[in-house]
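Following: one structure in structure tokens, then a few remarks.
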Amino acid sequence: MRSIFSEAYISNRGGRDHNEDYTLSYSTGDAFCWVVADGLGGHGGGEEASRIACETVVRSFQSNPIVSPDAVQAHLRNADDAIRREQQTRPGLARMR
């Protein structure tokens with residue numbers, strides 16, 4: 001099946017010396033997942049938090065490619081849990097958001 005979607009990403013680093021935003025997408029052919037995360041600058045590790053969030057949501061979607069409010073909520077919960085685990089194992093990133 002040929003996708004009817006094309007995608008492009010534009011991001012602004014918001015006056016910082018580096019961009020902390022992250023985007024990722026995945027398609028099963030029948031279902032699509034697009035994730036955009038805005039790493040919060042000034043907290044240290046915003047770029048890590050946004051990357052972890054996007055990668056975790058896509059992995060969660062790959063294991064359960066259902067599009068429903070409950071599934072989306074579960075994917076986001078998985079991302080939040082992954083960020084919190086990383087905060088605990090890497091004290092230098094304890095404030096990442």
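Just so you know, residue 1 is the first one in the sequence shown, and it goes up from there. All heavy atoms count here, side chains included; hydrogens, waters and symmetry mates do not.
Residues that satisfy the side-chain contact (heavy atoms from CB on, under 4.5 Å) test with Val67, not counting sequence neighbours, are Ala31, Phe61. For Asp80, the salt bridge (charged side-chain N to carboxylate O under 4.0 Å, His left out) partners at least two apart in sequence or on another chain are Arg84.
The CG atom of Asp70 sits 10.5 Å away from the NE2 atom of His75 when rounded to the nearest 0.5 Å. Atom CD1 of residue Ile10 and atom CG of residue Asp21 lie 12.5 Å apart, to the nearest 0.5 angstrom.
Residue Ser50 comes nearest to Gly39 through the heavy atom pair CB-N, 3.7 Å, listed as atom of the first residue, atom of the second, then distance. Taking all atoms of both residues into account, the shortest heavy-atom contact from Ala49 to Ile83 is O-CD1, 3.6 Å. The two residues Leu93 and Gly45 have their closest heavy-atom pair at CD2-CA, 3.7 Å. Across every non-hydrogen atom of Ser27 and Gly29, the tightest pair is OG-N, 3.0 Å. Shortest non-hydrogen contact noted between Cys33 and Val35 is SG-CG2, 3.7 Å. Of all heavy-atom pairs spanning Tyr9 and Leu24, the tightest one is OH-C, 4.1 Å.
At distances below 3.5 Å, at least one donor-acceptor pair connects side-chain atoms of Gln87 with backbone N or O atoms of Ala94. Under the 3.5 Å distance criterion, the side-chain polar atoms of Thr56 are left unmatched by any main-chain donor or acceptor of Asn78.
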> What do the steps show when you test Leu76 against Val57 for side chain to side chain contact (heavy atoms under 4.5 Å, CB included), and what is the final call?
Replying inline: CA-CA 6 Å; Leu76 295 175; Val57 167; 4.2 Å; yes

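The shortest distance between side-chain heavy atoms of Pro65 and Tyr26 does not fall below 4.5 Å.
The hydrophobic clustering, which links ILVMFWY residues whose side-chain heavy atoms are closer than 4.5 Å, places Val36 and Trp34 apart. Residues Val72 and Phe32 do not share a hydrophobic cluster, defined by chaining ILVMFWY side chains whose heavy atoms lie under 4.5 Å apart.
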